[in-house]
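This one's a predicted model, so the numbers in the text were calculated from it and none came from an experiment. Along the sequence shown, residues carry numbers from 1.
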Amino acid sequence: MNNSNRHAKQMVVEPITRAERGRTGANLFKAPRPNHSHRWRLIVITAILIASAVLIYRYLNPGTKQSGSKGGIPPLPISTATATTGDIGVYVEALGTVTPLNTVSLTARVGGQIAKVEYQEGQLVHIGDPLLEIDPAPFQAAVTQAEGQLARDQAQLDLAKINLQRDTDLLNKGVISKQEFDTQTANDHQFEGAVKLDQGNLDQAKVNLAYCYITSPIDGRVGLRLVDPGNIVQANGTTPLVVITQLQPITVEFNVAEDSVPQIMEAIHGGRQPEADAYDRANQKKLAIGKVESFNSQIDTTTGTLRVRATFKNDDGVLFPNQFVNVRLLVDTHKGVTLLPNNAIQRNDNGEFVYLVQPNQTVALKTITVGTTDGNVSEVQGLQPGSLVAADSFNRLSDGAKVAIRPGASAAKPAIANK
């Protein structure tokens, strides 16, 4: 009975047509027959679904077959860095301002009209170079007048000396009285005083004439022009005629925290003149190298800092007055220490560590102590020189993980501190 039921499920009974009914008489239905087309349709659809699932799985897991054949997870490709032995500097960092050694604002020492402006704006000048000329004609006339007065009084003095010599002989012979002799002597002294007064007036007139020619008192750069030919200037006015700033050498003044003062004093007392490096505002490009020349005599109690001044040759003129710079002051050098690039050093709650590459191509978590940092390199303890450590892929690394060093990615270049 059960077999007949199953067979009935696989058979399809179709009604006969009217024509067939007339031919067959009482046979109202066709003989049952199997539905082969429906079964093959199900088989094809199932095969397509299975093949699609296999293809999708292989696309999403391309290494499954290979890794399965090797029996494990494939090694993680990494770049490496090598610990080296070298020297590293200990620096004190500060913010500084470029300050010229000398800045001169020249004003007129005599009044008059500007006759010439003999410099170009922004020109580099040297000591004695002409800058401005005030009309010298009135002062030249005063010199001539003083010279004439001096010549007149000098002639009178010469005559008085001759008369005094003559009266001296007459006094010895008793021809003139002592009173007449004393009068002639006083006249001689009076003309000597007049000559000295005239000489002083002449010197003053010459000085005033020299003040008409304004020259540079220092080597430096002149600023923008402040007066023009034809302007009238007053003696000892408050408005400068020209401003000159010394550029070579030049200084940088900066404040260091009082905690760093002992290191600086130790370097100075040890006979070393600390070296100062000036960097740009972004603290990326080194601008100049100088030496610490002086410092303030006491710490500022309001800020807890000490004012320090470093001098730079500035031969290339890269440092400009009032420029903002970052200063790195070298106070010590650690020699023969282990150095490691900063990008290989990782940190967690327990401190600094690295992933040390083992001979069996696995990595081991190694705790280290980081000391002085200079640029992209740090001094480390707890790691032997020559050790190979991972330099990337830290988000997928773990203690004991298998790794494969990328070809050409090993850090063959030694870790070198900034110079």
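For the atom pair Glu379 CD and Asp87 CG, the distance stands at 10.5 Å (nearest 0.5 Å). Distance CG/Leu132 to CG/Asp228: 10.0 Å, rounded to 0.5 Å. Here CD of Glu352 is found 7.5 Å from CD1 of Ile345. Values are rounded to the nearest 0.5 Å. Remark: Leu287 CG to Tyr279 OH distance equals 9.5 Å, nearest 0.5 Å. Separating the CD atom in Glu275 from the CG atom in Leu329 is a distance of 9.5 Å, to the nearest 0.5 Å.
Asp399 contributes a side-chain N or O that, together with a main-chain N or O of Leu365, makes up a donor-acceptor pair within less than 3.5 Å. Between the side chain of Arg328 and the backbone N or O of Glu93 there is no donor-acceptor pair closer than 3.5 Å. Using modelled atom types, one side-chain atom of Thr99 and one backbone atom of Thr97 make a donor-acceptor pair closer than 3.5 Å. With hydrogens and angles disregarded, a donor-acceptor distance shorter than 3.5 Å links the side chain of Asn326 to the backbone of Asp280. A donor-acceptor distance shorter than 3.5 angstrom exists from the side chain of Gln248 to the backbone of Asp315, with no hydrogens or angles considered.
Between Leu383 and Leu356 there is a side-chain heavy-atom pair separated by less than 4.5 Å. Using a 4.5 Å cut-off on side-chain heavy atoms (C-beta onward), Leu247 and Pro321 make contact. In this structure the side chain of His126 reaches within 4.5 angstrom of the side chain of Asp219, judged on heavy atoms. Contact of the Ile114 side chain with the Ile134 side chain is registered, since non-hydrogen atoms from C-beta on lie closer than 4.5 Å. The shortest side-chain heavy-atom distance between Pro249 and Asn314 does not fall under the 4.5 Å cut-off. At a threshold of 4.5 Å between non-hydrogen side-chain atoms, the residues Val243 and Thr103 count as touching. Here the side chains of Ser216 and Val222 are not in contact, with every heavy-atom distance at 4.5 Å or above. Looking only at side-chain heavy atoms (C-beta outward), Glu121 and Leu224 come within less than 4.5 Å of each other.
In this structure, the side chain to side chain contact (heavy atoms under 4.5 Å, CB included) partners of Asp188, at least two apart in sequence or on a different chain, are Leu157, Ala160, Lys161, Leu164, Glu192.
A pairwise comparison of heavy atoms in Ala310 and Phe254 identifies CB-CE2, 4.0 Å as the closest pair. The heavy-atom pair separating Thr302 from Asp300 by the smallest distance is OG1-OD1, 2.7 Å. Nearest approach of Thr305 to Ile299, heavy atoms of both residues: O-CG2, 3.4 Å. Heavy atoms only, all atoms of each residue included: Cys212 and Pro136 are closest at SG-CA, 3.8 Å. Between Leu330 and Gly89, the shortest heavy-atom contact is CD1-CA, 3.7 Å. Closest approach of Ser393 and Pro77 over heavy atoms only: OG-O, 3.4 Å.
The residues Lys286 and Asp277 are annotated as salt-bridged, a charged nitrogen and a carboxylate oxygen being separated by less than 4.0 angstrom.
A donor and an acceptor atom, one from each side chain of Ser378 and Asn342, are located under 3.5 Å apart. Inspection of the Ser79 and Arg406 side chains reveals an N or O donor paired with an N or O acceptor under 3.5 Å. For the residue pair Asp153 / Gln149, a side-chain donor-acceptor distance below 3.5 Å is found, with atom types taken as modelled.
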Please report, to 0.1 Å, the donor-acceptor pairs under 3.5 Å made by any side chain of residues 255-272, with sequence neighbours excluded.
from	atom 1	to	atom 2	distance (Å)
Asn255	OD1	Arg307	NH1	3.3
His269	ND1	Met265	O	3.3
Arg272	NH2	Val331	O	3.0

